[in-house]
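Written below as structure tokens is the structure these notes are about.
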Amino acid sequence: MKIDIKKTIEEKIKKNISHFKKDMKFDVLPTEKEEFGDFYTNISFRLSDKENPPQKIAEMIKDKILPDLKGVIKKIEIKNGFINFFIDENVYRKHVLNIFQNGKEYLKEDIGNGKKVLIEFVSANPTGPLTIAHGRQAAFGEALSRILKFSNFKVVNEYYINDAGKQMELLGESLKARYYQLKGKAIEIPQEGYHGEYLVDIAKKIQDIKDDLEFFKEFGYNEILKDIKEDLEKFGVFFNNWVRESDFIKNNDVEKIVKFLKEKGLIYQKDGSWWFKSSIFGDDKDRVVIKSDGSFTYLATDIAYHKYKIERGFDIIINIVGPDHHGYIPRLKAVVKSLGFNLENFVVLIVQLTTLYRGKEKISMSTRKGQFITLKDLIKEIGPDASKFFFLFRKIDSHLDFDIEIAKKQTTENPIFYLQYAYVRLKHVIEFAKEKGYEIEKIEDKTEILKEKEEIELMRKIWVFNDVIEGVVKNYGVHLLAEYLLDISKKFHSYYQKFRIVSENRDLTEARLILTKSLLTIFETSLYLLNISLPEKM
RNA sequence: GCGCCUGUAGCUCAACAGGAUAGAGCAUCUGCCUUCUAAGCAGAGGGUUGCGCGUUCGAGUCGCGCCAGGCGCACCA
């Protein structure tokens with residue numbers, strides 16, 4: 001594993017300023033600009049007062065810690081009160097060589113320490129096909145899951161199937177109506193029901209009918225769930241568990257937990273129904289769990305479900321939801337808290353909606369009328385990889401504008417082609433070198449030859465990979481990795497244009513092949529984590 | 001009315017626990033192909049970070065108040 005420069009600097013500073021103050025808080029962060037070196041610290045601002053301006057303190061600290069950082073830090077400069085650290089390039093060279101020799105495994109870093117994480121995502125009702133909103137959630141959830149696993153978390157992907165309650169009744173009734181419409185009978189779909197064309201297709205498949213609602217419900221459920229699973233598989237998204245809401249009712253789990261909460265005084269009767277005291281756990285008001293007709297609300301089954309989540313001993317529970325569920329979050333947090341789970345480890349991530357465009361034209365979506373572009377349509381039109389990349393390279397909080405025309409274009413307007421081109425070039429260089437007789441595996445350390453500014457910069461970018469991963473894990477910001485990949489693509493394109501990798505100079509070529517191969521490892525690893533595959537040739 | 005998200009270059013978006021001169025891509029303009037893929041590269045222009053006040057050494061980032069857009073406020077799931 002690579003050395004942690006940040007931590008090293010932090011430790012040396014702490015050691016040398018202990019006489020100042022105890023528990024001093026300060027940052028050691030990567031810089032944005034070359035002239036400021038690779039890392040900087042703001043400690044001088046923290047320690048400064050009227051007699052001792054930041055500049056003066058910085059000078060004092062600099063002289064003390066420089067000898068301690070030999071071999072890691074080349075020089076220290078002070079500017080505007082900041083202390084800037086310039087990393088010894090040999091640190092980069094060694095790192096690149098390690099990646100070259102050990103591949104992907106060397107990039108792994110233990111952030112999770114084996115902690116168990118449950119990610120619940122998509123969880124679309126089995127009443128219709130997956131939408132692009134689900135697509136964004138699916139792409140995000142899968143990538144997050146992969147990155148967490150890569151960072152030594154133990155991750156379970158879970159899909160919660162809402163197959164109980166009124167929505168399923170409506171599905172059954174809607175399908176029944178469609179079926180009889182096909183037989184020439186004028187039966188109306190309930191107004192609240194599902195009017196999408198997909199139910200016609202499903203109705204056509206019905207052969208041996210039993211004329212009760214249960215049959216239509218079950219038939220519709222099975223067909224739609226099958227369809228959802230197919231879509232997700234095509235999209236490259238996989239779940240370890242499929243949990244059915246109805247099971248919690250069938251197994252009396254809901255009944256049991258409701259009884260338990262009643263006994264604890266957390267569920268009480270009022271106005272003919274039973275209410276959960278969510279307000280004492282931070283919700284705005286209390287919520288109904290048993291309706292006046294005696295049936296459970298969705299919240300009731302969700303309590304049972306979250307109890308099931310907690311019982312399985314996860315350290316972190318992540319729920320990925322759409323913005324239409326955000327009003328529900330305080331309720332859910334109240335549930336989790338009432339079950340004794342630490343809210344700090346219960347994370348709800350809201351993935352904002354995506355607006356589709358064809359050029360300037362906005363594609364309006366109405367799920368009610370069944371006029372929407374489904375995830376299936378999108379995958380069919382632009383492919384799973386382009387779709388995923390577009391979903392992933394913006395942070396989830398932003399409302400995403402997704403132009404189908406751009407995603408289809410084979411020009412630089414389309415970021416995924418830019419990426420693809422860099423990837424293909426990397427591969428091609430390696431192939432070309434092999435044709436010229438270079439045995440890549442046998443190349444020995446020649447990284448000291450890498451001295452060009454662009455080479456140092458590329459090595460620095462490679463070095464930063466782990467920081468990016470750390471950022472993703474800390475902030476659940478998968479887009480950071482996608483951006484990183486675009487950034488490193490740009491650096492490589494530029495380098496490739498300016499310098500020849502495979503040249504007459506054998507040593508130089510080998511040194512550059514080490515760099516190229518390491519870059520390829522970075523690419524392959526990142527693409528795997530984002531769950532995107534790219535063609536080998538263009 | 002209340003709550004969540006968003007507002008940054010002409011367009012789409014970055015900016016990790018508040019750090020230095022706010023960055024990319026597209027679009028526009030100017031250059032670069034006998035050598036590993038020009039689907040590329042180099043360079044230029046483009047900004048009062050929606051508005052106002054505050055917190056502090058320092059604010060796109062934090063707080064308060066406005067303005068605008070999206071979404072949500074069920075005994076639906």
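Letters A, B, ... are given to chains in the order of the sequence lines, protein chains preceding strands, and every chain is numbered from 1.
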Going 5' to 3' along nucleotides 11-18 of chain B, which nucleotides have protein heavy atoms under 4.0 Å from the base (write B), which only from the sugar-phosphate (write S), and which from neither (write -)? -BSSSBB-
When rounded to the nearest 0.5 angstrom, what is the spacing between NE2 in A:His493 and NZ in A:Lys490? 9.5 Å
For the P atoms, the ones on B:A77 and on B:G25, what distance do you get once it is rounded to whole angstrom? 49 Å
Contact pattern, 5' to 3', of nucleotides 30-35 of chain B - B, S or - by protein heavy atom under 4.0 Å: -----B
Would you say B:C36 has OP1 or OP2 under 4.0 Å from some side-chain N or O of A:Lys427? no
Quick one: classify the glycosidic conformation of B:C62 as syn or anti, with syn meaning within 90° of 0. anti
Polar side-chain contact A:His325-B:G72 base: donor and acceptor under 3.5 Å: no
Please evaluate the base of B:G19 for a donor-acceptor partner in the side chain of A:Asn42 within a cut-off of under 3.5 Å? yes
Distance-only donor-acceptor test (3.5 Å): side chain A:Arg331, base B:G72: no
B:G19 base stacked by A:Phe82 (centroids within less than 5.5 Å, tilt under 30°): no
Do you know which of A:Phe121, A:Trp242, A:Tyr305 makes ring pair (Phe, Tyr, Trp, His ring centres under 6.0 Å) with A:Tyr160? A:Tyr305
P atoms of B:A9 and B:G60, separation to the nearest Å: 14 Å
Rounded to whole angstrom, note down the P distance from B:A74 over to B:G18. 35 Å
Tell me which nucleotide among B:C75, B:A38, B:A20 gets nearest to the side chain of A:Lys79. B:A20
Any idea which of B:A20, B:C36, B:C4 is nearest the A:Asn80 side chain? B:A20
One should report the stems of RNA chain B, each a stretch of at least three consecutive Watson-Crick or G-U pairs at distances under 3.5 Å, as B:1-7 with B:67-73, B:10-13 with B:23-26, B:28-32 with B:40-44, B:50-54 with B:62-66
Can you name the side chain to side chain contact (heavy atoms under 4.5 Å, CB included) partners of A:Asp324, sequence neighbours left out? none
Of residues 275-289 of chain A, the positions that come close to RNA chain B - non-hydrogen atoms, cut-off under 4.0 Å: A:Val288
Side chain of A:Asp271 - closest among B:G72, B:C75, B:C36: B:C75
Could you work out the separation of B:G58 and B:G19 based on their P atoms and round it to a whole Å? 14 Å
If you restrict it to nitrogen or oxygen atoms, what contacts under 3.5 Å exist between nucleotides 42-45 of chain B and the protein, and what is each distance?
residue: B:A42; atom: OP1; partner: A:Ser494; partner atom: OG; Å: 2.8

